[in-house]
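Comments concern the structure below.
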Amino acid sequence: MPELPEVETIRRQLEPDLLGQRIERLEVLDERWTRPVDPGEVERAVDGKRIERLDRRGKYFLVGLEDDFVLVMHLRMTGNLLLVDAGTPDAAYLRARFVLEDGRQLWFVDARRFGEGAVLDAAEVEQRFRGRLGVEPLSDVFTAGELGRITAGRSAPLKSFLLNQAGIAGVGNIYADEALFRARLHPLSPAGSMRAEHHAALRDAVVASLCAGIDGGGASIDDYRDARGGRGTMQDEFLVHAREGQPCVRCGEPIRRIVVAGRSTYYCPRCQVRLRRRRRTGL
DNA sequence: CTTTTTCCCTGGACGC
DNA sequence: TGCGTCCAGGGAAAAA
């Protein structure tokens, strides 16, 4: 599933090819892709615009167009962004096609149709993300202290907290498991139960997990492919995710699978300590 | 306010 | 072979 490392991998691959190019036209092939906005409206907003920037915010892919417009896309579960040569036969599940100045096409392919695309102006992007997307984990704003602030008083399990994009933006099911394992924290521990040493450990673990994902070019478990249709290698380097029953890489204990926040959650029952809910210590 | 649950969507796995 | 059922999960919305 595309999470921050997967989206970042695609962004880095596309940047040299797309920057400065004009989008001749956009063809929305599945009207649900722009829901609730009319596809024609999005097509008209994109047609003929030059690409000035390629950015990422959490798991959102942002294409900065001229005149301060931003094409915002989200791959959700099964979305893929593919850069293909002219004349390539249409793939199954092709939802949107960008015909580029140089003849190549950028495809949004998405079997389950959760993915979406929209065109907003810069102010609307801010508006849309406000309160919904938290700190960028790979920015220098993401410190142990910041993590302490955003988890203070929270009773939700650490796994739920990591999946909540309003806290840290870009961590999904895979990298949440990996980060908790690295930090030796139990997925069911209340987020607010962490002490300073845990804040530091989890901050470092989130960063390390995401960087490992980017270094591996993302994790191709099911549908994820990079912008050239290639596979990442991160799925071969998982420490706990999807390793139910296999020995913990640290202690040999069989990895356990539970469901937290409706998501499969993998952890080592011996390495990852469960913290008790912390009562407010008298100041 | 915070937290949990439901919903969207469809390919693939599994059982009969 | 084919049909029915269940699962996967990001994020928004509804419910608790």
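By convention in this document, chain letters (A, B, ...) are assigned in the order of the sequence lines, proteins followed by strands, and residues within each chain are numbered from 1.
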Just the rounded figure in Å: distance from [atom2] of [N] to [atom1] of [X].
X: A/F114; N: C/dA8; atom1: CZ; atom2: P; value: 13 Å
X: A/Y224; N: C/dG9; atom1: OH; atom2: P; value: 18 Å
X: A/Y175; N: C/dG10; atom1: OH; atom2: C1'; value: 15 Å
X: A/E244; N: C/dA8; atom1: CD; atom2: C1'; value: 14 Å
X: A/L75; N: C/dG9; atom1: CG; atom2: P; value: 17 Å
X: A/E116; N: C/dG11; atom1: CD; atom2: C1'; value: 8 Å
X: A/Q165; N: C/dG9; atom1: CD; atom2: P; value: 15 Å
X: A/N173; N: C/dC7; atom1: CG; atom2: P; value: 16 Å

In plain terms, say whether [X] and [Y] are close enough for a salt bridge, that is, a side-chain N and a carboxylate O under 4.0 Å apart.
X: A/R76; Y: A/E116; result: yes
X: A/D204; Y: A/R182; result: no
X: A/E8; Y: A/R11; result: yes
X: A/E146; Y: A/R203; result: no

Using a cut-off of 4.0 Å on non-hydrogen atoms, how would the nucleic acid contact of [X] be classed: base, sugar-phosphate, or nothing?
X: A/R35; result: sugar-phosphate
X: A/T78; result: nothing
X: A/F161; result: nothing

From the 5' end of DNA chain B to its 3' end, which nucleotides mark the outer limits of contact with chain A, defined by a 4.0 Å heavy-atom distance cut-off (strictly under)?
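First and last nucleotides in contact are B/dT2 to B/dG11.
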Test item: A/L158 and A/L202 side chains (from C-beta on) under 4.5 Å apart, heavy atoms
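With C-beta onward as the side chain, the pair touches.
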Steps toward ring pair (Phe, Tyr, Trp, His ring centres under 6.0 Å) verdict (A/H74, A/F61):
CA-CA 6 Å; A/H74 198 298; A/F61 192 73; over 10 Å; no
If each of A/R76 and A/A156 is mapped to the nucleotide of DNA chain B with the nearest heavy atom, which maps nearer the 5' terminus, i.e. the 5' end?
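Checking each residue's closest nucleotide, the 5'-ward one belongs to A/A156.
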Strand contacts (DNA chain C) in residues 254-266 of chain A, 4.0 angstrom heavy-atom criterion
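By residue number: A/R257, A/R263, A/S264.
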Please work out which of the three classes, parallel, tilted or perpendicular, describes the rings of A/H241 and A/Y266, given edges at 30° and 60°.
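Taking A/H241 first and then A/Y266, their aromatic rings stand perpendicular (interplane angle over 60°).
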Flag, side chain of A/E6 to backbone of A/A219, donor-acceptor distance under 3.5 Å
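Yes; at least one donor-acceptor contact below 3.5 Å.
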Row check, A/Y267 ring normal vs A/R274 NZ/CZ: under 6.0 Å, within 45°:
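Because its charged atom misses either the 6.0 Å distance or the 45° angle limit, A/R274 does not stack over A/Y267.
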N or O in side chain of A/H74 less than 4.0 angstrom from C/dG11 OP1/OP2:
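Answer yes for this pair, as a side-chain N or O of A/H74 is under 4.0 Å from OP1 or OP2.
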